Amino acid sequence: MKFGLVLRELHRSENDLAHHLLVVSERHKVDHEIYHLARDLSRWSQQHVRDIAALAGNYGEDLDPEPRSEAGLMETLREKGSEMVGRRPETGMLLLRDLRELYLQASGVSADWELLAQAAQGKKDQELLGLAEKCHPQTIRQMKWANGKLKESATQVLVS
């Protein structure tokens, strides 16, 4: 069934977004707002991964309910690197790149949720529509956060 393919792609995309949010949080650990908020936003995508996996079996897919985890060694290295680099000018450009990538990634996930919602509505599949209505607003908030931080950071990095 085509819904299974959409769910598999959405599962992969949410997993990637959750992981990327964690990586960005670790890379910019010295910026407490980025660090803590990106981790919180990652938990939303991790829950989306679990929710998608819970329904996927009904559509012929066997998806792992556990979100992709961060490797301990890499996490430690990124955190130490972030602490050593601190707030040097180069980190500002890296932050802009990371926020841009997060925004684009969240935008893609948002489009996937929109496609799923439209198809579920057309098929009158209340279960999938309910999932999309639950998860899509959080993805939009992730996207808006990344866009807002990108604008705020661009002013600080490029004008200073």
Side-chain angles (χ1 to χ4, degrees), residues 2-56 59 61 63-71 74-75 78-79 81-82 87 90-122 125 127-159:
K2 293 176 187 171
F3 279 126
L5 295 172
V6 173
L7 288 171
R8 185 180 338 133
E9 175 59 20
L10 198 48
H11 183 267
R12 184 201 58 75
S13 297
E14 283 283 9
N15 234 334
D16 289 349
L17 179 57
H19 179 73
H20 194 205
L21 281 159
L22 288 174
V23 168
V24 168
S25 78
E26 293 153 10
R27 188 177 291 148
H28 302 284
K29 188 175 184 179
V30 296
D31 185 328
H32 296 290
E33 181 185 353
I34 296 287
Y35 179 77
H36 291 290
L37 209 43
R39 292 185 98 64
D40 289 345
L41 295 174
S42 176
R43 283 193 273 287
W44 286 353
S45 285
Q46 291 170 343
Q47 185 58 51
H48 296 173
V49 166
R50 290 182 193 99
D51 293 343
I52 293 165
L55 284 182
Y59 302 90
E61 292 293 325
L63 303 176
D64 187 357
E66 281 309 306
R68 182 174 156 199
S69 63
E70 182 63 30
M74 289 308 294
E75 178 180 345
R78 269 194 290 274
E79 286 179 4
S82 174
R87 295 187 182 271
E90 297 84 9
T91 61
M93 293 302 290
L94 179 60
L95 177 62
L96 291 179
R97 187 195 75 190
D98 285 342
L99 290 169
R100 179 182 178 276
E101 288 176 13
L102 278 174
Y103 174 73
L104 292 173
Q105 205 169 15
S107 296
V109 174
S110 176
D112 291 345
W113 281 119
E114 192 67 48
L115 292 172
L116 181 67
Q118 289 298 314
Q121 196 170 25
D125 188 320
E127 194 171 40
L128 282 180
L129 184 58
L131 178 66
E133 288 174 345
K134 174 188 170 208
C135 297
H136 189 213
Q138 290 178 328
T139 303
I140 291 171
R141 287 175 63 193
Q142 289 169 320
M143 185 177 67
K144 287 182 177 181
W145 173 79
N147 189 39
K149 285 305 293 180
L150 183 60
K151 290 176 183 178
E152 176 187 313
S153 300
T155 303
Q156 293 170 354
V157 171
L158 300 175
V159 176

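Keep in mind the model is a prediction, meaning the values are calculated, not measured.
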| query | Can you list the residues that meet the side chain to side chain donor-acceptor pair (under 3.5 Å) rule with Ser153, with sequence neighbours excluded? | reply | none
| field | Distance (rounded to the nearest 0.5 Å) between His136 NE2 and Trp113 CH2 | value | 9.0 Å
| message | Which heavy atom of Ile140 sits nearest to which heavy atom of Ser110, and what is that distance? | response | CG1-OG, 3.9 Å
| said: Can you list everything that forms a side chain to side chain donor-acceptor pair (under 3.5 Å) with Asp64? Sequence neighbours excluded, please. | reply: none
| query | What heavy-atom pair brings Ala120 and Leu129 nearest, and what distance separates the two atoms? | reply | CB-N, 3.6 Å
| query | So do the side chains of Leu116 and Phe3 get within less than 4.5 Å of each other, counting heavy atoms only? | reply | yes
| query | Under 4.5 Å between any side-chain heavy atoms of Leu128 and Tyr59, yes or no? | reply | yes
| query | So, does His28 use its side chain to make a donor-acceptor pair with the main chain of Tyr35 at under 3.5 Å? | reply | no
| request: State the NE2-CG distance between His32 and Leu37, to the nearest 0.5 angstrom. | output: 14.0 Å
| task | Kindly compute the distance separating CD1 (Ile52) from CG (Leu10), expressed to the nearest 0.5 Å. | result | 4.0 Å
| field | Pairing residues for Ala111 by the side chain to side chain contact (heavy atoms under 4.5 Å, CB included) criterion, not counting sequence neighbours | value | none
| Closest approach of Leu63 to Leu7 (non-hydrogen atoms, all atoms of both residues) | CD1-O, 3.9 Å
| task | May I have all residue pairs that pass salt bridge (Lys or Arg N to Asp or Glu O under 4.0 Å) and include part of residues 3-15, sequence neighbours excluded? | result | Arg8-Glu61, Glu9-Arg12, Arg12-Asp16
| Check: Val49 and His11 side chains under 4.5 Å, non-hydrogen atoms | yes
| task | With sequence neighbours excluded, tell me which residues meet side chain to side chain contact (heavy atoms under 4.5 Å, CB included) with Gln46. | result | Ala18, Leu22, Ser42, Arg43, Arg50, Pro67
| message | Between Arg100 and Arg97, is the side-chain contact (heavy atoms from CB on, under 4.5 Å) condition met? List the steps. | response | CA-CA 5 Å; Arg100 179 182 178 276; Arg97 187 195 75 190; 5.7 Å; no
| request: Grab the two heavy atoms, one from Ala38 and one from Trp145, that are nearest each other, plus how far apart they are. | output: CB-CH2, 4.2 Å
| Taking the side chain as C-beta and beyond, is there a heavy-atom pair between Leu55 and Leu131 under 4.5 Å? | yes
| remark: Applying salt bridge (Lys or Arg N to Asp or Glu O under 4.0 Å) to Glu152 and not counting sequence neighbours gives Lys149
| query | Sub-3.5 Å donor-acceptor pair from the side chain of Asn15 to the main-chain atoms of Arg68, do we have one? | reply | yes
| Among pairs that include at least one residue of residues 132-145, which meet salt bridge (Lys or Arg N to Asp or Glu O under 4.0 Å), considering only residues two or more places apart or in two chains? | Asp51-Lys134
| task | Give, for atom NE2 of His19 and atom OG of Ser45, the distance between the pair rounded to the nearest 0.5 Å. | result | 12.5 Å
Got a list of side-chain donor-acceptor pairs under 3.5 Å for residues 101-109, not counting sequence neighbours?
residue, atom, partner, partner atom, Å
Gln105, OE1, His20, ND1, 2.8
Ser107, OG, Tyr103, O, 2.8

| Do Leu96 and Leu158 touch side chain to side chain, with heavy atoms closer than 4.5 Å? | yes
| said: Looking at every non-hydrogen atom in both residues, tell me the closest pair between Ala132 and Ala117 and how far apart they are. | reply: CB-CB, 3.8 Å
